[in-house]
Amino acid sequence: NAAHKFYWDDCFSRASSLAYTTLFALVPMSALSFSMFNAFRVDPQQFTHTVMTILEQIMPGSENDQLRNLREQVFSYLTTFSSNVSALNTLSVAVLFCTAIALLNTIESALNVVWKVSSNLSIASKIINFWAVMTAGPLLLTISFIWYARVSQFAGEHESNVFSLIDFFIPVCATWFALTLLFFKLPAAKVRFKDAVFGGFVASVLFELVKRAFAAYVSMSTTYNTIYGVLTSVPLFLFWLYLAWVVVLFGAELSYQAGSI
C-alpha cells in the first residue's frame, strides 16, 4: 500500500532534504513572487495583507504567540531578503537562480523515485522547464491569492455562513490545485490526470489537518522555548517544512498507487 511504499522509498529522508533545500530557495522564489506583485502594481497595504494571507495558508494558524511570531519573522525575512536582491551583482543573482533550480530538481528526483522512473531530459531542457515553473507558478499563485485576500476581506465585512465556507474551502482548493499540477507535470512518468487529482485532494486535506495538529502541538508544548530561547523560530520553521513535504510525498505515493490499480 501507499504507506508501505512511502517507507521503503525513504520518503522521510527525502522530506528532510526537501525541507533544507526549500529553506535556501525561499529567497529567490519569494523575490520572483514579489516582483509579480509589483508588476500588478498592488497597493503596499494590500501587498502586506496578501503576503500575510499566503503565510497563514501555508503555515499553521493559531493565536499562539510562538506561531504568530514565527509568521511575522518569516514575513520580515522574506520581504527584507527580496528587497535586497536588486542590490546584488550578477554572480550572486546567478547563485540564487541555481538554488531555485536545485529545489525543483530535488522535487523532481523525489517524485521520480515514487514513480520508479528516471528523467531522460537534458540539462538545458530541465532548466527551460524549471524556468517555466518558476515563472508561471508565482504568477498563478499571486493572482489566486490576491483574489483570495479580497474575498476574505469582503467576507469579514459581511457576516455570512456562505462566506465562512468560502474562506475555509479556498485554501484547500488552492493546495489541491497546486499539488495536482505538481503530481501531473513534474514526474518523468506519464501520470493520469485523475490519479494526480486524487493524490492532490487527499494531500490537501491532510495538509490542513497537519496544520491544525502542528498548531495544537506548539500551543501545548514549551520545549522549544526552553531549549532554543530566542532561536525558537528556526527549528519550528524547519520542522514545519519537513511535515509539509512528508504530506506532499505521501500524496505522490497515493497518486502512484491509484495509477497502478
Side-chain angles (χ1 to χ4, degrees), residues 1-22 25 29 54 57-60 100-121 125-126 128-141 144-145 148 168-214 239-261:
N1 55 33
H4 183 267
K5 188 173 181 298
F6 178 90
Y7 175 78
W8 287 108
D9 282 342
D10 200 21
C11 287
F12 287 113
S13 297
R14 297 184 189 281
S16 299
S17 175
L18 285 166
Y20 281 105
T21 309
T22 302
M29 297 299 284
I54 295 173
Q57 279 202 222
I58 63 176
M59 296 178 64
I101 292 292
L103 171 62
L104 294 174
N105 187 65
T106 305
I107 297 173
E108 185 204 29
S109 298
L111 294 179
N112 285 343
V113 169
V114 171
W115 269 275
K116 300 180 180 179
V117 295
S118 59
S119 178
N120 296 321
L121 294 177
S125 299
K126 277 191 174 185
I128 292 174
N129 289 342
F130 291 165
W131 176 250
V133 172
M134 290 170 59
T135 304
L139 176 60
L140 293 174
L141 285 175
S144 63
F145 283 124
Y148 169 69
F168 173 79
F169 280 111
I170 286 181
V172 176
C173 291
T175 306
W176 184 10
F177 176 73
L179 292 179
T180 297
L181 287 181
L182 184 71
F183 299 154
F184 182 64
K185 296 299 295 182
L186 206 54
K190 185 175 179 59
V191 182
R192 294 184 303 185
F193 184 70
K194 64 178 183 179
D195 299 333
V197 168
F198 171 72
F201 173 74
V202 176
S204 63
V205 174
L206 285 176
F207 187 72
E208 290 300 315
L209 294 176
V210 169
K211 279 170 59 177
R212 296 170 188 270
F214 184 79
F239 186 34
W240 169 243
L241 288 176
Y242 170 74
L243 291 177
W245 280 114
V246 166
V247 172
V248 171
L249 292 179
F250 185 70
E253 293 285 2
L254 289 173
S255 292
Y256 172 79
Q257 292 294 333
S260 62
I261 296 177

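Note that the coordinates shown come from a computational prediction; the quantities given were computed from them, not determined experimentally.
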Applying side chain to side chain contact (heavy atoms under 4.5 Å, CB included), run through V246 and V210 and close with a yes or a no. CA-CA 10 Å; V246 166; V210 169; over 6 Å; no
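When all heavy atoms of L249 and C11 are compared, the closest pair comes out as CD1-O, 3.5 Å. Across S118 and A188, no two heavy atoms sit closer than the pair O-CB, 3.9 Å. Between A19 and L241, the shortest heavy-atom contact is O-CD1, 3.7 Å. Across all their heavy atoms, L18 and A110 have their closest contact at CD1-CB, 4.3 Å.
The shortest distance between side-chain heavy atoms of D195 and L254 does not fall below 4.5 Å. Looking at heavy atoms from C-beta onward, L243 lies out of side-chain contact with V247 at the 4.5 angstrom threshold.
In this structure, OH in Y256 is found 8.5 Å from CG in D9, a value given to the nearest 0.5 Å. Summarising the geometry, atom OG belonging to S255 is positioned 12.5 Å from atom NZ belonging to K194; distances are rounded to the nearest 0.5 Å. L181 CG to L186 CG: the interatomic distance, rounded to the nearest 0.5 Å, is 10.5 Å.
In this structure, R192 contributes its side chain and A258 its backbone to a donor-acceptor pair below 3.5 Å. Judged purely by atom type and a 3.5 angstrom limit, S204 has no side-chain atom pairing as donor or acceptor with the backbone of T175. Within the 3.5 Å criterion, the main-chain N or O of S16 finds no donor-acceptor partner in the side chain of W245. With S17 contributing its side chain and S13 its backbone, the two residues share no donor-acceptor pair below 3.5 Å.
For the side chain to side chain contact (heavy atoms under 4.5 Å, CB included) with I107, the qualifying choice from T22, L182, N112 is L182, the only one to do so.
Aromatic rings of F6 and F12 (six-membered ring for Trp) have centroids within the 6.0 Å cut-off, being under it. Proximity of the aromatic rings of W240 and F207 is defined here by a centroid distance below 6.0 angstrom, and this criterion is met.
Using a 30° and 60° split on the angle between ring planes, F193 and F184 fall in the perpendicular class, above 60°. Classification of the W115-F183 ring pair by plane angle, with boundaries at 30° and 60°, yields tilted. Aromatic ring orientation, Y242 versus F239: parallel (interplanar angle below 30°, classes split at 30° and 60°).
Sorted by first and then second residue, the pairs that involve residues 243-260 and meet salt bridge (Lys or Arg N to Asp or Glu O under 4.0 Å), not counting sequence neighbours, are K5-E253.
In this view, A213 satisfies the side chain to side chain contact (heavy atoms under 4.5 Å, CB included) rule with no residue, not counting sequence neighbours.
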